[in-house]
Amino acid sequence: MSQFIFKIIAIGDGTVGKTSIIRRFVHEEFNPKYVKTIGVSHALKRLFIGDNDVTLTIWDTGGQELFDCVRPQYYRGASGGFVIFDVTNKDSFDHLDKWFNDLNNQCSGITIIVIGNKIDLEADRVISTEEGEQYALQKGVKFFETSAKTGENVIDVMEELAKLILSERKVKTSEKTKKTVDKAT
Ligand code: GDP
Ligand code: MG
């Protein structure tokens with residue numbers, strides 16, 4: 001069994017549900033009251049994927065511009081990132097590019113998944129599944145829709161990100177091995 005520790009970060013506008021998705025995944029609970037995240041906090045979760053023992057350290061931060069100065073530190077060493085919007089909030093969808101660019105500038109080669117959250121609020125939805133899919137497709141990444149409230153798809157999206165990171169690592173490792181073998185021959 002191989003052991004891995006991956007740093008995962010969650011970004012997106014304030015109130016899209018970053019803290020709630022993490023809390024749902026790590027503690028299996030949901031808090032309907034909004035508690036603004038100040039600074040950075042992290043949580044740990046262990047997953048067994050195939051033959052791999054993977055510990056995710058999931059970092060959560062306030063999306064506020066105020067915390068611009070902590071962002072480089074927040075991004076440092078991240079293997080994966082969730083770029084999250086709220087399907088009932090068009091602004092949060094329109095701001096995805098900003099978050100995407102920020103992430104790509106700070107962490108080259110990071111594995112990203114786009115999440116449309118709050119799908120339990122179907123009556124208030126303003127961004128369709130197709131729009132979300134289209135956006136992710138254009139960025140060349142996967143798209144998931146979740147509800148931190150009901151828990152729908154939350155575990156699935158975390159596992160998918162861990163699997164993607166693992167498979168990309170495996171590719172990198174085998175490329176390295178191949179180069180070493182090439183040199184030796
Ligand atoms: P953050 O600022 O991105 O960390 O957002 P929070 O996780 O603090 O969530 C903001 C508000 O939206 C809170 O009142 C949450 O209870 C609520 N919320 C988060 N996710 C969901 C969801 O999937 N469905 C519903 N109905 N409310 C949600
Ligand atoms: Mg928060």
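We count ligands from 1, going down the list as the structure has it; atoms in each ligand are counted the same way. These values consider heavy atoms only, across backbone and side chains, with no hydrogens, waters or symmetry-generated copies. None of these values were measured; they are calculated from a predicted model.
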At under 4.0 Å between heavy atoms, what of P32 touches ligand 1? The answer is backbone
For residues F48 and M1, determine if any side-chain heavy atom of one lies less than 4.5 Å from a side-chain heavy atom of the other. yes
Sub-3.5 Å N/O-N/O distance, A148 and ligand 1: yes
So CD of E28 and NZ of K45: to nearest 0.5 Å the spacing works out to 5.0 Å
Is there a path of hydrophobic side-chain contacts, each under 4.5 Å between heavy atoms of I, L, V, M, F, W or Y residues, that connects F144 with F30? no
Can you list the atoms of ligand 1 that are under 4.0 Å from a heavy atom of L121? 26 (N)
Under a 4.0 angstrom heavy-atom cut-off, which atoms of ligand 1 come close to N31? 15 (C), 16 (O)
If every non-hydrogen atom of V114 is compared with every non-hydrogen atom of L96, which pair is closest and at what distance? CG1-CD1, 4.3 Å
Side chain, backbone, both or neither: V16 near ligand 1, heavy atoms under 4.0 Å: both
Are K139 and F100 in a cation-pi contact, defined as NZ or CZ under 6.0 Å from the six-membered ring centre and within 45° of the axis? yes
So the atoms of ligand 1 within less than 4.0 Å of a heavy atom of G14 turn out to be 2 (O)
Under-4.0 Å heavy-atom contact with ligand 1, by part of T19 that carries it: both
Heavy-atom distance to atom 19 (C) of ligand 1: which of S92, G151, S20 wins? S20
For K18, is at least one N or O under 3.5 Å away from an N or O on ligand 1? yes
Side chains of F25 and I58: closer than 4.5 Å at any heavy-atom pair? yes
Any salt bridge between E122 and R125, counting N to O under 4.0 Å? yes
Taking backbone and side chain together, does T15 place any N/O/S atom at a distance below 2.8 Å from the Mg ion (ligand 2)? no
Can you confirm, on distance only, whether ligand 1 has an N/O atom lying under 3.5 Å from any N/O atom belonging to G17? yes
Residues in salt bridge (charged side-chain N to carboxylate O under 4.0 Å, His left out) contact with D53, at least two apart in sequence or another chain: R46
Polar atom proximity, D60 to ligand 1 (N or O, under 3.5 Å): no
